[in-house]
Amino acid sequence: MLDVTSADSIIKFANKLKGLTLKQACGNEIEKHGYQGKGNFGQILEKFYFGYEPNSESQPDFKEAGIELKSSPLKILRNGEFRAKERLVLNIINYIEVYKEEFENSSFWKKNAHLLLVFYLHDNDLDLLDYNIRLVNDWQYPSEDLRIIKHDWETINKKIKDGKAHELSEGDTFYLGACTKGSTALKSFRNQPFNEEKAKQRAYSLKQGYVNHIIANISQEETETYGKIIERPEILDAVQSIEEIVISKFLPFYGKSAKEIEKYLGLELNQKAKSYFANLTNAILGLKLGQKIEEFEKADIQVKTIRLSENNLPKEDISFPTFEFQELIKTDWEDSDFKNILESKFFFVFYQYENDDLILKKVRFWNMPQSDISEAKIVWDKMIEAVSRGLIVREVSDIGIRKTYFPKKTENRISHVRPHARNAADTFMLPIPDKLTKLTEYTKHCFWFNASYVRDEIFMK
DNA sequence: GCATGATCATGC
DNA sequence: GCATGATCATGC
């Protein structure tokens, strides 16, 4: 039987969920309690399987055992591996109170030090009562992760103390993020202690990449494909943050050409490979060829290698993954892929042409200021507007090249929309046909960062 | 020389 | 076969 005061008992009881759906695990219970199709997966699990009322207390769900129950959706890759469908959202950040806390006695740590995780396979076509529960495990943070999480928590707290709660962004931190919670509506704005300006409600969350790491750990997948930057986590305690450690590894190579760096590191990389610069970056960080950077993967960091012309302008604009027109217009800004990208942490590696050599100029961790995110949202808004009105093609030239209504580079300081496809025939369906051409599908496009924005706001600053 | 449309190359 | 990161080509 379930003993709610014992961690072992709770975990054992939870483990029986594996392979079942909510309906199978507690079908009669759900009917008995008059389930109305309301509530989310987690609430139903708490109420009908574990038999307690969901609360929003500062205590963990099972307070005697110190365990916080969390459920979260999985997606499945083509190769059958599981990945997190989204970040794991934890408790709401109470701006008015947290600035008084120390990490060790914080509301975050009191509630989330020991998690019990229930991962279910999400499926758009199914009712949530029919989602299959695939992974169940408890989770406590390894000490090297905890050092980074504590540092993240302090980064968030510092921003609140500085009266900048309204400028918080997920990209500020590595594993523990401050993600928006609730709608953008006025009611989800909160007071902050050191500034009159209201701030969006946010919650602590574990980044999607970090949740992937938990999943890989639970399902005991091999970790050889990952290499750590930080071999001795205890140095994080002292003076250096992970950012400082990473940058210190690059500093000796500033002003050196890619070829010189390669030589110094005793490497013979294939210079024609598209992954040449990515390989060089990883080698500078001390990784073996083909390894992924564990800390960067956990932190969802987007690594971008930029080649600058001699006038400091990147040779190319920066592309992002293509979007599907149909998905684009049915996704809210808050849940959109583009907002997710804009709130990420980036790691830029700048090389610059000097004659025919590419010289390492500098590296930079960066994330977009909130004011710029608002400015880039205008591009997203215009795109939604165009696609949902069927305003795609503006003009077709004699030789068949089309001009579109999509947001151009000249219209916005930060971002624009351009094709990103195999060729013009590589398309996605349109939600409604194009007014001019009657086309029902159109060349794949994506959002791009303007090269001039990268120069002015990321390289030069 | 830049803006915009179009496409390539690699790896999974 | 396709996503992703990167690059090419044309016209103004």
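Letters A, B, ... mirror the listed sequences (proteins, then strands); counts begin at 1. What you are looking at is a predicted structure, and each value in this text was computed from that prediction instead of being measured.
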**Student:** Looking at A:Lys408, I'd like to know whether one of its side-chain N or O atoms comes within less than 4.0 Å of OP1 or OP2 on B:dA3.
**Tutor:** no
**Student:** Given B:dG5, is OP1 or OP2 found less than 4.0 Å from the side-chain N or O atoms of A:Thr404?
**Tutor:** yes
**Student:** When you measure from the side chain of A:Asp127 to the backbone N and O of A:Asp130, does any donor-acceptor pair fall under 3.5 Å?
**Tutor:** no
**Student:** Just checking A:Trp366 against A:Phe346, ring centres under 6.0 Å apart?
**Tutor:** yes
**Student:** Tell me which nucleotide among B:dT7, B:dA9, B:dA6 gets nearest to the side chain of A:Arg418.
**Tutor:** B:dA6
**Student:** So what does A:Pro321 touch, heavy atoms closer than 4.0 Å: a base, only the sugar-phosphate, or nothing?
**Tutor:** sugar-phosphate
**Student:** Side chain of A:Asn311, heavy atoms from C-beta onward: which of B:dC2, B:dA6, C:dA6 has the nearest atom to it?
**Tutor:** B:dC2
**Student:** Does a side-chain N or O of A:Lys444 approach OP1 or OP2 of C:dA3 to a distance below 4.0 Å, or not?
**Tutor:** yes
**Student:** Report the distance from atom CG of A:Asn279 to atom C1' of C:dG5, rounded to the nearest whole Å.
**Tutor:** 13 Å
**Student:** Measure from CD on A:Glu395 to C1' on B:dA3 and round the result to the nearest Å.
**Tutor:** 15 Å
**Student:** Please tell me if the side chains of A:Glu154 and A:Lys158 come closer than 4.5 Å, counting only heavy atoms from C-beta onward.
**Tutor:** no
**Student:** For A:Asp337, I'd like to know if atom CG has over 12 heavy atoms of other residues, nucleotides or ligands within 6.0 Å.
**Tutor:** no
**Student:** Grab the CZ-P distance between A:Phe449 and C:dT4 for me, whole Å please.
**Tutor:** 16 Å
**Student:** When you check the phosphate oxygens OP1 and OP2 of C:dC2, does a side-chain N or O of A:Thr322 lie under 4.0 Å from one of them?
**Tutor:** no
**Student:** Is the centre of the A:Phe320 ring less than 6.0 Å from the centre of the A:Trp448 ring?
**Tutor:** no
**Student:** Under 4.0 Å between any heavy atoms, over every strand shown, what does A:Lys315 touch: base, sugar-phosphate, or nothing? Just pick one.
**Tutor:** nothing
**Student:** In terms of side-chain heavy atoms of A:His420, which of B:dA6, C:dG5, B:dT4 is nearest?
**Tutor:** C:dG5
**Student:** Using atom NE2 of A:His416 as one end and atom P of B:dC2 as the other, report the distance to the nearest whole Å.
**Tutor:** 14 Å
**Student:** Given atom CZ of A:Phe277 and atom P of B:dA9, what is their separation to the nearest angstrom?
**Tutor:** 18 Å
**Student:** Looking only at side-chain atoms of A:Asp317, point me to the closest of B:dA6, C:dA3, B:dT4.
**Tutor:** B:dT4
**Student:** Atom NZ of A:Lys403 and atom C1' of C:dA9: how far apart are they, to the nearest Å?
**Tutor:** 14 Å
**Student:** Does A:Arg394, at its CZ atom, have more than 12 non-hydrogen atoms belonging to other residues, nucleotides or ligands within less than 6.0 Å?
**Tutor:** yes
**Student:** Just how far, in rounded Å, is C1' of C:dG5 from CZ of A:Phe347?
**Tutor:** 17 Å
**Student:** Rounded to whole Å, please give me the gap between CZ in A:Phe447 and P in B:dT4.
**Tutor:** 15 Å
**Student:** Counting side-chain heavy atoms from CB outward, which of C:dT4, B:dG5, C:dT7 is closest to A:Arg307?
**Tutor:** C:dT7
**Student:** Considering every strand and a 4.0 Å limit on heavy-atom distances, what is the contact class for A:Thr443: base, sugar-phosphate, or nothing?
**Tutor:** nothing
**Student:** Nearest of C:dT4, C:dC8, B:dA6 to any side-chain atom of A:Glu316?
**Tutor:** C:dC8
